[in-house]
Protein chains: 2
Amino acid sequence: MSAIRVLLAEDQAMILGALAALLSTERDIEVCARAHNGREALAALATARPDVLVTDIEMPEMTGLTLAAETRERFPATRTVILTTFARPGYLRRALEAGAKGYLLKDRPAAELADAIRRVHRGERVIDPELAAAAWTGDPDPLTERERQILWRAGDGRPSAEIAAELHLSIGTVRNYLSEAIGKLGATNRIEAARIARQKGWL
Amino acid sequence: MSAIRVLLAEDQAMILGALAALLSTERDIEVCARAHNGREALAALATARPDVLVTDIEMPEMTGLTLAAETRERFPATRTVILTTFARPGYLRRALEAGAKGYLLKDRPAAELADAIRRVHRGERVIDPELAAAAWTGDPDPLTERERQILWRAGDGRPSAEIAAELHLSIGTVRNYLSEAIGKLGATNRIEAARIARQKGWL
DNA sequence: CCGTGCGAATGACACCTGTCACGCGCCCCG
DNA sequence: CGGGGCGCGTGACAGGTGTCATTCGCACGG
């Protein structure tokens, strides 16, 4: 049986090299090409024709999500695994819509990478379980539009009075909305609330 | 000649594993321990007594900068190399003040890591050249260590009382430091101050 | 047409924040 | 030795924040 041929796309050169070193310790996996951005990856796909593409999301030139879509379109024999820092349900959804077969987080143990590559190569889907749960049961955005507007502004330190002026509301009203949002998000103050909302992708 | 013993500290498990794999391809380098955060790293320093500590900056529990300072203090035989995504002059200067001997960016080629480790182990300093130039011209960090500790915590929404408890200070003192920091940074409240400081690389 | 619900506002209260003036002890430099 | 920083603390005050109960107007559906 021949090795699984992998194309690695990652913009941080040192991480790219390190991931290649990691995969080269696996007998059944061969890193046949590397790319520092989406455009390079697309070129490498054409010449190297890998079995699996492993790509970061946030890259210059072309994001991993766009790259995944292009890959499905033009090189359907290559299966895509997204490897990223970001546990955002929104990214996951867009990755799946773009035809990615795997979505793996960089804070998972190193061994999971090779494992995911093998499983995706076999035709399975590999989604980070916690993230999948979060996306599925995904408490969909509890915030109203007003709350979002206000929390957004409060999140970078603007006082209620300023927000009220900008939105043509009274100060008290702004504080009421903030209080609502803080409650909904289980926070104890506006800053924490903004952090939570941002992290969940609701801001 | 025996191998250079290296402790790797990095919070993203997969990157940690990958870097370890990268270094293990070098004959003269041995990864003798790994840590997922600053606190773990400190413990590992005590037991493994590595020649070189390679650490990320942004980690939970304890940042790489604090870790570098602790290392110089308590394990002076271990030399520190900072390995980070962030090309911020403020980080570089603070790293050097904390006694780090190397400052390397994750978007440099993978080969430079082993090279930097060898050179630092030999007693040389290894600083990313572009960043060194930038650090010379930028305005200097106005924050004291206390202000930084406190502003950092205040920046993600923790109330003064909580910060005071954590740092064994009185609430009033915490507020005094915050007031100082807000003034120095030209902000109007703690959140804005934290934003400014982060953006300048002072947090 | 009468509820119900929703967005917006008010007022009151306790608590948190930002600022300032000032006090204390300590270490270090002249 | 004595003064000056510096880190830390206190107390006080004005203003901001978080919470709640209550109100008003308006749209909507029965």
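Proteins get letters first, then strands, A, B, ... in listed order; numbering begins at 1 in each.
Contact record, B:Ala18 with A:Leu22: CA-CB, 3.9 Å, taken as the closest heavy-atom pair.
A straight line from CZ of A:Arg190 to P of C:dT17 spans 11 Å, rounded to a whole angstrom. To the nearest angstrom, P of C:dG7 lies 11 Å from CD of A:Glu145. Residue A:Arg148 contributes atom CZ, which lies 13 Å from atom P of C:dG7 at whole-angstrom precision. Between the P atom of C:dG18 and the CG atom of B:Leu185 lies a distance of 13 Å, rounded to the nearest Å. At whole-Å resolution of the value, CD in B:Glu147 and P in C:dT19 are 13 Å apart. For the pair B:Ile191 CD1 and D:dT17 P, the interatomic distance rounds to 10 Å; values are reported in whole Å. Remark: P of C:dC15 and CD of B:Glu162 are 18 Å apart, rounded to the nearest angstrom. A:Glu192 has its CD atom 16 Å from the P atom of D:dT17, to the nearest Å.
Side chain B:Asn176 to base D:dC8: no donor-acceptor pair is found below 3.5 Å.
Checked against D:dT17, C:dT17, D:dT10, the side chain of B:Pro159 finds its nearest nucleotide in C:dT17. In this structure, of C:dA9, D:dG18, C:dG18, it is D:dG18 that holds the atom nearest to the side chain of A:Asn189. Considering only side-chain atoms of B:Ile182, the nucleotide from C:dA8, C:dT19, C:dA12 that sits closest is C:dT19. The nucleotide whose nearest atom lies closest to any side-chain atom of B:Arg175 is, among D:dG7, C:dT17, D:dT17, C:dT17. Considering only the side chain of B:Ser179, C:dT19 comes nearest among D:dC8, C:dA9, C:dT19.
Considering only side-chain N and O atoms, B:Ser170 lies under 4.0 angstrom from the phosphate OP1 or OP2 of D:dT10. Contact annotation: B:Thr173 side-chain N/O to D:dT10 OP1/OP2 distance is not under 4.0 Å. For the pair B:Arg146 and D:dG7, the criterion of a side-chain N or O lying under 4.0 Å from OP1 or OP2 is not met.
Remark: the B:Arg146 side chain and the B:Thr173 side chain contain no N/O donor-acceptor pair separated by less than 3.5 Å.
Using a cutoff of 4.0 Å between basic side-chain nitrogens and carboxylate oxygens, B:Arg148 and B:Glu145 are scored as salt-bridged.
If you check every strand for non-hydrogen atoms under 4.0 Å, B:Ile171 touches nothing. At the heavy-atom level, A:Ser160 lies under 4.0 Å from the strands shown only through sugar-phosphate atoms.
The closest donor-acceptor contact from the side chain of A:Thr80 to the backbone of A:Leu53 lies at 3.5 Å or more, if one exists at all. Between the side chain of B:Asn189 and the backbone N or O of A:Gly157, at least one donor-acceptor pair lies under 3.5 Å.
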